[in-house]
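In what follows, a structure is listed as structure tokens, so that the remarks can point back to it.
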There are 2 protein chains.
Amino acid sequence: MTTDDGISSRRTTIYDLARIVGTSPTAVSSVLNGSWKKRRISQKLADRVLSAAEENGYALNIQASVLRREKSNIVGMIIPKYDNRFFGAIAERFEEAARAEGLFPVITCTQRDPDLEVEAVRGLLSYQVDCLVACGATNPDHIAELCAANGVATINLDLPGGRAPSIISDSYSGALDLTNVILDACEQELGSRAPLIFIGGRLDDHNTKERRRGFLDAHAARGIEVPEDNVLMPGYAPEKARAVLEGMATRARGIFVNSTITLEGVVQWMQSLPPAEAAGMRYGSFDYDPFGALLPQNVGMVEQDVPSLIAALVARMGDLPNAQIDVTKVPCILRLPHITPAA
Amino acid sequence: MTTDDGISSRRTTIYDLARIVGTSPTAVSSVLNGSWKKRRISQKLADRVLSAAEENGYALNIQASVLRREKSNIVGMIIPKYDNRFFGAIAERFEEAARAEGLFPVITCTQRDPDLEVEAVRGLLSYQVDCLVACGATNPDHIAELCAANGVATINLDLPGGRAPSIISDSYSGALDLTNVILDACEQELGSRAPLIFIGGRLDDHNTKERRRGFLDAHAARGIEVPEDNVLMPGYAPEKARAVLEGMATRARGIFVNSTITLEGVVQWMQSLPPAEAAGMRYGSFDYDPFGALLPQNVGMVEQDVPSLIAALVARMGDLPNAQIDVTKVPCILRLPHITPAA
DNA sequence: TTCCAATGCTCAACCGATAGAGCATAATTG
DNA sequence: CAATTATGCTCTATCGGTTGAGCATTGGAA
């Protein structure tokens, strides 16, 4: 809608269209939102309204619409980062799946900052979200309480909580498999049965705890004892990983890397070693990265199955809010290196 | 707000708080939105309202708030992907910057699909966004028109348009620098003055066009002629890049890779070569990837300066909608490989 | 012819927050 | 002590769309 002098005026509303077509706002509204048959509006009037809407570039005012309705059809998600293959994929797939369900997704990135998380949740509640997905949240239960206070159901993704259904990767099984792959490679290619090194993450992180458990159980099943200081959890930062590895007196032949972020530090460290020494090492990582997969010492990567996680999430969103509080574990995908033709 | 039987009822509103505190909805509203001093509400009442809000987990209803106000303070962004270092970083920084300005960011991912882009723009217009950022849009001008029809200002990011101010990386200069780095490395380390291969992207893509121009100009400045079939633009997909390289009869010593996605294909191809042959190659890539940076043939990567792009964007958002339609070019960052101690 | 149902539309209230106007009461000034 | 100003709050209309109720008009059945 543009005034004569070319300066754009207010947006077109159903009242404008009603005046143009010569009918009531109610009729216009019902035509535009699809309830016109139920309301016994004639096809003729509907056509006139639709073409007037088209001509005037009408766009619904969601604020007004949602304000009046009881359901908003808006689903919220908080996510720690976008700048990361895993979470980036989660965000993309979630948007896609939500749209396919006729819902409107709104995602907010929280930088793993607990205060920002709470602020973001409040923000999403302001949008009258019908349901909120707490992905990788530092304190899922606090978020669940906040939402419950507003009558909004939540689902936890990636990290579990005790006050809402959770959908997470099966870190334990993934770690067990990955550890076995690395142990096999060390034994077959290097002739070593030494315990592996586990590096990355924090013990207060549920997923790290589970992966550590899988790591230790795989060793135990082979009767290999893991010295306590083979498990290094200095956080995820590459520099920390590198520093820890450089400070180690005994060097293992095989390394279990707990994330691709940590892997950067591991690879930097390996590249600083004499090539002969580096050649005698193997690693696997919990998280997939296409370049990390191409490095010669890589023997396998565990990739979280994002499409399945989202599928499970959407299935769960269907029967909220009277859902059970339980944990759904989605298997990971083990990606072995491409066999490249030897020179 | 919870009823006696534990089933959550409607969300808490200012009317609930007004009843609880024993005051008017107006007073509650003004306390919560910060206009209470202007409205001469006492500190005492303000405190009581705030603690009641806290206790009852009050969350503003943005729909109602925005409906009434003239400005929404919501800023929208459409972005092709999250699952990508560059766009992921853009999304993260944009959210951060918007929040710092007291604005509420809403980002939607469009998968580079023109129809989804339009749908997403309509969705954001429904939210009454004050301004919309079209990042990497396939058709920025169409989006600008759609928004203009609703009186919403737009800014283009990453890819320029003709109907709104644009903020983009200086692809030409970045490509010029990168080409020089690769040419230098080939000359100094391999003794080769052969023209490089340019791989990745599409010629209808503005950035690819600019990078190709920088690539060619750097050669021209050294008097090196580039055969036409040294410039390969089969899109970005790794498989395509690999296939094109495998099909090449003449092999160059140096490669200009037009994105990290393409780089995957290039690296796969290099790893399929006999090691001696691979050792005689050098590449640089337009886009940064930490693992790509660690590969031995890498001589440099150009990283787009996301913080500066966002800073320019925010600065521009300040004086909308009466802004000039022009193009701001932000310099890229050239990242040379870490010098690792030789064995 | 009379009654009833179907058809096609309009009216008015409402969702929750906000802004302008207004109205007491208290404090200050002449 | 009256007049003015400051203080502290409330009332009411409003944003745009939705919903239940309601009201003519027409067509067909009894």
Side-chain angles (χ1 to χ4, degrees), chain A residues 1 9-49 53 56-74 122 125-130 150-151, chain B residues 1 9-49 53 56 58-74 104 125-128 130 150-151:
Chain A
M1 228 197 151
S9 61
R10 294 213 59 70
R11 304 154 116 103
T12 310
T13 70
I14 55 167
Y15 297 90
D16 300 321
L17 296 181
R19 207 170 2 83
I20 291 165
V21 174
T23 183
S24 70
T26 303
V28 173
S29 171
S30 64
V31 168
L32 295 174
N33 70 26
S35 68
W36 57 284
K37 291 202 169 160
K38 206 180 67 191
R39 287 187 147 270
R40 298 184 311 223
I41 302 295
S42 65
Q43 181 76 53
K44 209 174 107 190
L45 178 56
D47 290 344
R48 281 194 296 141
V49 167
N56 293 272
Y58 173 81
L60 173 72
N61 184 329
I62 286 250
Q63 324 289 7
S65 176
V66 166
L67 179 58
R68 187 56 175 77
R69 285 179 302 164
E70 71 307 348
K71 281 193 66 182
S72 68
N73 291 334
I74 300 173
R122 267 192 229 282
L125 287 174
S126 296
Y127 278 94
Q128 311 300 105
V129 291
D130 285 338
N150 285 271
Chain B
M1 230 197 149
S9 62
R10 294 211 60 69
R11 304 156 115 103
T12 310
T13 71
I14 55 167
Y15 297 89
D16 299 319
L17 296 182
R19 207 170 2 83
I20 291 165
V21 174
T23 183
S24 69
T26 304
V28 172
S29 170
S30 63
V31 168
L32 294 174
N33 70 25
S35 69
W36 56 286
K37 290 200 168 161
K38 205 180 69 191
R39 284 185 149 273
R40 298 184 311 222
I41 302 293
S42 64
Q43 181 76 52
K44 210 173 105 191
L45 178 56
D47 290 344
R48 281 195 295 143
V49 168
N56 293 274
Y58 172 81
L60 173 73
N61 184 327
I62 286 249
Q63 325 290 5
S65 176
V66 166
L67 180 58
R68 187 57 176 77
R69 285 179 301 163
E70 73 304 350
K71 281 193 67 184
S72 68
N73 290 334
I74 300 174
F104 208 107
L125 287 174
S126 295
Y127 278 92
Q128 313 299 107
D130 285 338
N150 285 272

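Each chain gets a letter, A, B and so on, in the order its sequence line appears, and its residues count up from 1.
At the phosphate of D:dT10, OP1 or OP2 sits under 4.0 Å from a side-chain N or O atom of B:S24. For B:T23 and D:dT10, the shortest distance from a side-chain N or O to OP1 or OP2 is below 4.0 Å. At the phosphate of C:dT18, OP1 or OP2 sits under 4.0 Å from a side-chain N or O atom of B:N33. At the phosphate of D:dG16, neither OP1 nor OP2 sits under 4.0 Å from any side-chain N or O atom of A:Y58.
Closest approach to the A:S65 side chain among C:dT18, D:dC9, D:dG17 is made by D:dG17 (side chain taken as heavy atoms from C-beta onward). Distances were taken from every side-chain heavy atom of A:N61 (C-beta onward) to each of D:dT10, D:dC9, D:dG17; the shortest belongs to D:dG17. Among D:dC9, D:dG17, C:dG16, the nucleotide with an atom closest to any side-chain atom of A:R68 is D:dG17. Checked against C:dG22, D:dT18, D:dC15, the side chain of A:L60 finds its nearest nucleotide in D:dT18.
Per the geometry, CG belonging to A:L125 stands 13 Å off P belonging to C:dA17, to the nearest Å. The interatomic distance linking A:Y127 (OH) with C:dG16 (P) rounds to 18 Å, in whole Å. In this structure, A:N73 places its CG atom 12 Å from P of D:dT18, rounding to the nearest Å. Computed from coordinates, the B:W36 CH2 to C:dT18 P distance equals 16 Å when rounded to whole Å. In this structure, the OH atom of A:Y15 is 6 Å from the C1' atom of D:dG17, given to the nearest Å. Remark: P of C:dC15 and CG of B:L67 are 14 Å apart, rounded to the nearest angstrom. To the nearest angstrom, P of C:dA17 lies 8 Å from CG of B:L17. If you take CD of B:Q63 and C1' of D:dG16, they are 12 Å apart, rounded to a whole angstrom.
Taking the nucleotide of DNA chain C with the nearest heavy atom to each of B:K38 and A:Q128, the more 5' of the two is matched to A:Q128. A residue-by-residue look at B:L45 and A:S35 shows that B:L45 has its nearest nucleotide of DNA chain D further toward the 5' end. If A:I14 and B:Q43 are placed on DNA chain D by their nearest nucleotide, the residue sitting closer to the 5' end is B:Q43.
Among the atoms of the strands shown, base atoms are found under 4.0 Å from some heavy atom of A:T26. Using a 4.0 Å heavy-atom cutoff across all strands shown, B:S29 reaches at least one base atom of the nucleic acid.
Residues A:L17 and A:N56 are in side-chain contact: their nearest non-hydrogen atoms beyond the backbone lie under 4.5 Å apart.
The main-chain N or O of A:A64 is never found under 3.5 Å from a side-chain atom of B:Q63 such that the two would form a donor-acceptor pair. In this structure, A:S126 contributes its side chain and A:R122 its backbone to a donor-acceptor pair below 3.5 Å. Side-chain atoms of B:S24 come within 3.5 Å of backbone N or O of B:A27 as a donor-acceptor pair.
The base of D:dG16 lies outside donor-acceptor range of the side chain of A:R11, with no N or O pair under 3.5 Å. Contact of B:R69 with C:dA19 (side chain to base): no donor-acceptor pair of N or O atoms is detected under 3.5 Å. In terms of polar N and O atoms assigned as donor or acceptor, the side chain of A:R39 comes within less than 3.5 Å of the base of C:dT10 in a complementary pairing.
For B:R19 and B:D16, the salt-bridge test passes: some basic side-chain N is under 4.0 Å from an acidic carboxylate O.
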Kindly indicate, with the supporting measurements, whether the criterion side chain to side chain contact (heavy atoms under 4.5 Å, CB included) is fulfilled by B:N33 and B:R69. CA-CA 12 Å; B:N33 70 25; B:R69 285 179 301 163; over 6 Å; no
